[in-house]
Amino acid sequence: MFESRHISIRIHKPAAEVYAFAKDPESFPKWAAGLAAGLTRDGDRWIAHGPGGDVKVRFSPENPYGVLDHWVTLADGTELFIPLRVVANGEGAEVGLTLYRPPSMYDDAAFDRDAAAVARDLAKLKALLET
């Protein structure tokens with residue numbers, strides 16, 4: 001089992017509205033820094049362009065459950081599973097991401113940096129939707 005951290009944020013918009021925005025892979029570069037360089041569609045996958053090179057990204061299909069899971073395949077073939085959910089929280093929404101620590105990440109500081117980056121991404125999503 002991998003070490004994990006659950007990182008979430010409350011957004012003062014209805015869950016359906018948050019999901020409608022976030023389910024579109026083309027919206028990810030607007031709030032997810034790791035995909036900020038953009039995505040190019042490649043069949044049922046997307047290619048993300050970044051400083052470390054291109055990676056393949058596959059997104060869960062549209063669904064009524066708020067599931068926004070995605071899988072990132074690194075250049076070396078390693079696939080990372082990234083669970084992401086939008087759930088109703090009263091009249092607003094809670095967006096949560098479970099960050100898994102891959103076995104190759106030996107450095108605690110690197111895991112802390114990844115968690116901080118996810119928190120910044122979720123804060124950006126919140127800012128975009130609440131503006």
Side-chain angles (χ1 to χ4, degrees):
M1 292 183 62
F2 302 124
E3 180 182 349
S4 64
R5 290 191 192 163
H6 185 74
I7 304 157
S8 66
I9 197 163
R10 289 183 308 278
I11 298 178
H12 298 281
K13 289 287 182 179
E17 189 175 324
V18 173
Y19 179 78
F21 175 78
K23 74 178 171 73
D24 180 5
E26 292 178 340
S27 77
F28 274 70
K30 296 175 184 174
W31 59 273
L35 302 176
L39 293 167
T40 304
R41 188 176 199 104
D42 182 27
D44 64 343
R45 291 181 181 252
W46 294 78
I47 305 298
H49 315 288
D54 291 351
V55 297
K56 295 178 183 172
V57 184
R58 180 172 48 94
F59 295 92
S60 58
E62 185 173 345
N63 62 82
Y65 310 109
V67 175
L68 296 168
D69 295 353
H70 48 290
W71 296 260
V72 176
T73 304
L74 304 176
D76 69 2
T78 302
E79 184 174 73
L80 305 173
F81 172 54
I82 304 169
L84 179 61
R85 303 286 192 279
V86 176
V87 295
N89 180 350
E91 294 181 7
E94 187 87 16
V95 178
L97 184 146
T98 301
L99 178 65
Y100 291 117
R101 181 178 181 163
S104 60
M105 186 181 287
Y106 300 112
D107 185 356
D108 290 340
F111 193 47
D112 290 343
R113 283 191 301 273
D114 279 0
V118 168
R120 285 190 302 274
D121 288 349
L122 294 180
K124 177 94 183 244
L125 177 63
K126 176 183 175 80
L128 280 169
L129 290 169
E130 289 184 353
T131 304

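Bear in mind the structure is a predicted one, so any value in this text is a computation, not a measurement.
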Original post:
Should Leu125 and Val95 be marked as a side chain to side chain contact (heavy atoms under 4.5 Å, CB included) after you check the CA-CA gap, both sets of side-chain angles, and the distance that decides it?
Top reply: CA-CA 9 Å; Leu125 177 63; Val95 178; 4.2 Å; yes
Original post:
Salt-bridged, Asp44 to Lys56, with N to O below 4.0 Å?
Top reply: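 Looking at Lys56 together with Asp44, the answer is no, because their closest N to O distance does not fall below 4.0 Å.
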**OP:** Applying side chain to side chain contact (heavy atoms under 4.5 Å, CB included) between Leu84 and each of Val67, Thr98, Leu97, report the one that passes.
**Re:**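 By the side chain to side chain contact (heavy atoms under 4.5 Å, CB included) criterion, Leu84 pairs with just one of Val67, Thr98, Leu97: Leu97.
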Rounded to the nearest 0.5 Å, how far apart are [atom1] of [X] and [atom2] of [Y]?
X      : Y      : atom1 : atom2 : result
Asp114 : Arg5   : CG    : CZ    : 9.0 Å
His70  : Phe81  : NE2   : CZ    : 9.5 Å
Asp42  : Ile47  : CG    : CD1   : 4.5 Å
Arg101 : Asp112 : CZ    : CG    : 8.0 Å
Leu122 : Glu94  : CG    : CD    : 9.5 Å
Leu39  : Asp54  : CG    : CG    : 10.5 Å

Donor-acceptor contact present, side-chain [X] to main-chain [Y], <3.5 Å:
X      : Y     : value
Arg85  : Asp69 : no
Tyr19  : Pro64 : no
Lys126 : Arg10 : yes

Original post:
If you group Ile, Leu, Val, Met, Phe, Trp and Tyr by side-chain heavy-atom gaps below 4.5 Å, do Val87 and Trp31 land in one group?
Top reply: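 Looking at the clustering, Trp31 is in a separate group from Val87.
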Original post:
Would Tyr100 end up clustered with Leu80 when hydrophobic side chains under 4.5 Å apart are linked, directly or stepwise?
Top reply: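 Different clusters.
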Quick check: are there more than 12 heavy atoms from other residues, nucleotides or ligands sitting under 6.0 Å from [atom1] of [X]?
X      : atom1 : value
Glu130 : CD    : yes
Phe2   : CZ    : no
Glu3   : CD    : yes

Work out which heavy atom in [X] is nearest to a heavy atom in [Y]; give both atom names and the distance.
X     : Y     : answer
Val86 : Ala15 : CG1-O, 3.6 Å
Thr40 : His49 : OG1-NE2, 2.7 Å
Val18 : Ala93 : CG2-CB, 3.9 Å
Glu62 : Lys23 : OE1-NZ, 3.5 Å
Gly96 : Ser8  : CA-CB, 3.8 Å
Trp71 : Ser60 : CZ3-N, 3.7 Å

Original post:
Taking C-beta and beyond as the side chain, do Phe28 and Phe59 meet within less than 4.5 Å on heavy atoms?
Top reply: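 The answer is yes; the side chains approach within 4.5 Å.
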